[in-house]
There are 2 protein chains.
Amino acid sequence: MTTSLPPDISATALERALEDFRGVVGAEHVLTAEEQTADFRDPFWHRDWDDYEAAAVVQPASVEEIQAIVRLANEHRVPLWTTSTGRNNGYGGSSPRVRGSVVVNLRRMNQVLEINEELGYAVVEPGVRWFDLYEAIQAGGHRLMLSCADLGWGSVVGNTLDHGATYLPYGVDMAAACGMEVVLADGELLRTGMGAMPGNQAWHTYKRGLGPTLDQLFMQSNFGIVTKMGVWLMPYPETYMPFWVRVPRDDDLATLVDTLRRLELDDTIRMVPQILNTVLFAAVLSRRTDWWDGDGPIPEPVIDKIAKQLEVGRWMMRAALYGDEVVVDHRFAKLKEAFERIPGCEVWGTKTKPEDAAELTHPAELIQAGVPNLGWNHMTGWYGGEESGGHVGFSPVAPLTGHDALAVRDLMRGLIEGRAELDYMGALIPINARSFIHVTMVIFDVANEQHCRGAYDTCKLLVREAAERGYGEYRAHLDFMDLAADQYSFGDHAYRRFVETIKDAVDPNGILAPGKQGIWPAGLRDQARR
Amino acid sequence: MTTSLPPDISATALERALEDFRGVVGAEHVLTAEEQTADFRDPFWHRDWDDYEAAAVVQPASVEEIQAIVRLANEHRVPLWTTSTGRNNGYGGSSPRVRGSVVVNLRRMNQVLEINEELGYAVVEPGVRWFDLYEAIQAGGHRLMLSCADLGWGSVVGNTLDHGATYLPYGVDMAAACGMEVVLADGELLRTGMGAMPGNQAWHTYKRGLGPTLDQLFMQSNFGIVTKMGVWLMPYPETYMPFWVRVPRDDDLATLVDTLRRLELDDTIRMVPQILNTVLFAAVLSRRTDWWDGDGPIPEPVIDKIAKQLEVGRWMMRAALYGDEVVVDHRFAKLKEAFERIPGCEVWGTKTKPEDAAELTHPAELIQAGVPNLGWNHMTGWYGGEESGGHVGFSPVAPLTGHDALAVRDLMRGLIEGRAELDYMGALIPINARSFIHVTMVIFDVANEQHCRGAYDTCKLLVREAAERGYGEYRAHLDFMDLAADQYSFGDHAYRRFVETIKDAVDPNGILAPGKQGIWPAGLRDQARR
């Protein structure tokens, strides 16, 4: 395979740019040959397709090196695509939207710069994984809990910048981040919020500054490269109590969701649960071949059989309580009573202490305690096994009502089973008391090209059908990023035009992550929308 | 007094613009004569000074009228300054930063567009006051509490856009707003978050969209005119319990703050308290002449006398609990025990129910129940009485530690008593568990020109001295907006340059609120910074 080149850049021009990058980071930190960059490809994109192939991967070790790379990229007009650890799996991994981009990967910037126990926050570089931050907290003997994502190998910063969910109380509304440092497209260094004042002590404690607050402008966008971020940590509560809610019938989802909303609105539950259907739980706990090897989606009776044998019901919710023991006791009794009004619903949980949480064995109970692990990743092997299992996430947002939960389920299930002939695997993630993200895990065998193509085509169908009903994606894979963004068309695409006006102003050469979330620089815009 | 004119605009040119505005909104909604615009002046700016005098006030009644005005302003190059109700008192009221701007005042757009009880939110226009929204909730029989500001005459939207504090649980981190509609500088209409998708149901339930979230970009800025906003409302808790914490010595502030931080971090207290010093409480409850009529600041023995007689201690905190009665009981017992470890500290409170809160008499207990009133405004008359009392807020942010609380107090008190010879009146507003805003109420007699000048000069001194110690303003009065913004100079003013690059791109004629929070359009930038 020849090297992928960026638009309008010759092989010689690219080589000149890479030579300059080598001068900044050292030759060993500019990866070009395929065997070196393999770890940075989207693992769930078919191996024979090169649509999102990077030209090279550059791994700087400092803010100054990033600034130098950005300045050189402007000179050479080479598009960059930033990844932190590069584990944005299901949405493109470390692959760039524009073929031939140079991936700026920040794994080497992996320092936990500060942990402040008194005020409950850490400051991290983008290469810091959930594993790393957890370990640093433990090593320092800090009694602080980290609201972490499902998979511990991900970057704290990277997950945050892509609006990724985390599950502890500070995961509600994705509210854990506070205060950033950012390298801009011209190589300048900006600090957000109170950090814009030299020596200000409230940078990571107060969420705003004087004037407009820019933190969210640097999320899901291509206006800068975030080099530092504050992340709030929760002091150990007296009691940690993971609990489970299981319902026997598919339509019980509606009552489950309505009950949950009331319990979140009245503060009985304050964290980010997950509500998974039978097949998704089966993927976490088993392989598809354990249950079914026929063509097409798993039939209803088999789903019922799985529900019974794995004891996961038709829907099961993972959740947890945190707080003083007397409060946790009251809340558990209250929520148990509320959920168990659903006929056949069962609720159970076990109290423990945060300091003992690492000894728990269920991956969900660890995640909800802020102990990062990789247990949830087992689901990826549902179709292809460990070697060639892949998934892509189709993830619309809806109000947290039973009505909307059934509507989204019916839409997703109908299209995935009926059109793509795949199993419907749904996870509702109530990100706050008022809305949920329906992560539709489209799981497939990456080694099977037809299978692979079908999965991505299905997602594109889902984007359109969901938007017609008023449900929009919270995040999108490279392959349908533009299509997803197209749906946000109010006022003749006023949002996109406004954001792209900003893009052209702050990155006139369009070198930072062109196409990210459908935001294109002027030079590539017409081509991208043709 | 002749009409103030905007920079580089003749009286004839202004009149042509006003004539066009009359064509849009009707002649009766373009106010020009002094007696008509008096209600829109900064009430605390000396009457003989015209630095922030508007040329006229235009009052549109619809989004379409705002769009038309903005387009005409571009044609005529007339700067606009948007106010909602225009009650931004202490920070400039309804006055524009640039003399001769046309104030676009939105009092006529006062519709509560929606109240959704199931999902707990309302959608309001910018002219809706706290009073109006509260009344609409009551009229609809909704069991929902509104996190409101201290003064009920203010605009829900206006307060939110200026980062104003509110005090119920949803006031923590100023988190109640969700989803906006905005008229841009070119007259286009944009919706933020999920609202960018036509017909999306999650606009006011999910805080983000696909791509960068713009809501905070439209706060404390001049990039658009917000015409609709979602605001979250909290379902009635079983129990509402306002409580008070009083400490006898000035230095008890440190332990009070450290104790509060721990109780907020462990979720015992979740709302936005206020910690007021003796003199500020005295201003709420009495007049200065009741205690002292000498020159210079009130002497220490008199402060102690006030503390005793009014039973407000040297510092007193207003706060409240919300929730199930058993949880409130547990939390009150816990916090009482924690605070009363401070020698001489007293803690008391009374349980009630949200549905009975309107019958409470203390303004703070009403505010914390979301019942808007004007009781807190009494403090403004400390020096000048009801007729000519004025105040300006100097409001730096600091981490929520006892150390920082004493440092900020000492700095403020030293300068205000020592240099300005005014009384030090401090209110700490812990906006979250990690930081507080120290609202320094500089109260003076507006009728006394020397007094007035002294107050504003003092604030400028405070801005500089606080910044040297790493404390920055969260909000600033027109008269020292630029100076406050100057302090955010990290990276050779990288923040300001980035924000002004956006300003030039999205508002090339610089017609929207030039100078707001120190953000200037290209055409006025050099002049403003000379």
Side-chain angles (χ1 to χ4, degrees), chain A residues 118-120 163 173 184 188-191 194-202 205-213 216-217 219-221 235 265-267 323 326-327 330 397-399 434-435 467 470 472-474 476 484-485 487-491 494-495 498-499 501-502 505-506 517-519, chain B residues 119-120 163 173 184 188-191 194-202 205-213 216-217 219-221 235 265-267 323-324 326-327 330 397-399 401 434-435 467 470 472-474 484-485 487-491 494-495 498-499 501-502 505-506 517-519:
Chain A
E118 183 180 41
L119 289 160
H163 293 180
D173 279 316
L184 301 175
E188 299 263 359
L189 192 64
L190 173 148
R191 288 182 175 174
M194 285 289 149
M197 172 177 283
N200 192 294
Q201 298 300 314
T205 66
Y206 180 70
K207 292 220 166 171
R208 300 188 181 184
L210 185 74
T213 306
Q216 294 199 353
L217 197 67
M219 298 184 186
Q220 285 205 353
S221 76
L265 282 171
D266 80 1
D267 216 28
V326 58
V327 175
H330 166 73
V397 177
R434 292 165 173 81
S435 59
E473 281 234 271
Y474 98 106
Q487 312 308 313
Y488 291 79
S489 62
F490 178 84
Y495 168 78
F498 183 81
V499 169
T501 300
I502 295 176
V506 303
Q517 241 65 250
I519 305 164
Chain B
L119 289 160
H163 293 179
D173 279 317
L184 301 175
E188 299 264 359
L189 192 64
L190 173 149
R191 289 181 174 174
M194 285 289 150
M197 172 177 281
N200 192 295
Q201 298 300 313
T205 66
Y206 179 70
K207 290 219 165 172
R208 301 189 180 183
L210 185 73
T213 306
Q216 295 199 350
L217 197 67
M219 299 183 185
Q220 284 204 352
S221 76
L265 282 171
D266 80 0
D267 217 28
D324 293 348
V326 57
V327 175
H330 166 74
V397 177
T401 72
R434 291 166 174 81
S435 60
E473 281 234 273
Y474 98 106
Q487 312 307 314
Y488 291 79
S489 62
F490 178 84
Y495 168 78
F498 183 81
V499 170
T501 300
I502 295 176
V506 304
Q517 241 63 252
I519 305 165

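Keep in mind that what you see is a predicted model, and the values were worked out from it rather than measured. Naming: A, B, ... by sequence-line order, numbering from 1 per chain.
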Heavy-atom pairs under 4.5 Å with chain B: which of [options] has the most?
options                                : value
A:Gly199, A:Gly470, A:Ser221           : A:Gly470
A:Lys207, A:Met219, A:Glu118           : A:Glu118
A:Gly120, A:Ala485, A:Gly209, A:Gly211 : A:Gly211
A:Gly518, A:Gly491, A:Ala505           : A:Ala505
A:Val326, A:Val397, A:Ile519, A:Val499 : A:Val397

Could you give the distance from [atom1] ([X]) to [atom2] ([Y]), rounded to the nearest 0.5 Å?
X        : Y        : atom1 : atom2 : answer
B:Phe490 : A:Asn200 : CZ    : CG    : 12.0 Å
A:His163 : B:Leu210 : NE2   : CG    : 8.5 Å
B:Tyr488 : A:Leu190 : OH    : CG    : 13.5 Å

| query | Quick one: what part of A:Leu119 sits under 4.5 Å from any heavy atom of chain B, side chain, backbone, both or neither? | reply |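 It is both, since atoms from each part get that close.
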Taking [options] one by one, which has the highest count of heavy-atom pairs under 4.5 Å against chain A?
options                                : answer
B:Val506, B:Asp267, B:Asp266           : B:Val506
B:Thr401, B:Ile502, B:Val327, B:Asp324 : B:Asp324
B:Ala467, B:Pro399, B:Ala494           : B:Pro399
B:Gly195, B:Gly323, B:Pro198           : B:Pro198
B:Arg434, B:Gln517, B:Arg208, B:Glu473 : B:Arg434

Can a donor-acceptor pair be found, under 3.5 Å and without considering hydrogens, that links the side chain of B:Thr205 to the backbone of A:Ser435?
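Checking the backbone N and O of A:Ser435 against the side chain of B:Thr205, no donor-acceptor pair under 3.5 Å is found.
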_Closest contact, heavy atoms only, B:Pro212 versus A:Gln220_ =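 For B:Pro212 and A:Gln220, the tightest heavy-atom pair comes out as CD-O, 3.2 Å.
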Side chain, backbone, both or neither of [X] within contact of chain A (heavy atoms, under 4.5 Å):
X        : answer
B:Leu184 : side chain
B:Leu217 : both
B:His330 : side chain
B:Glu188 : side chain

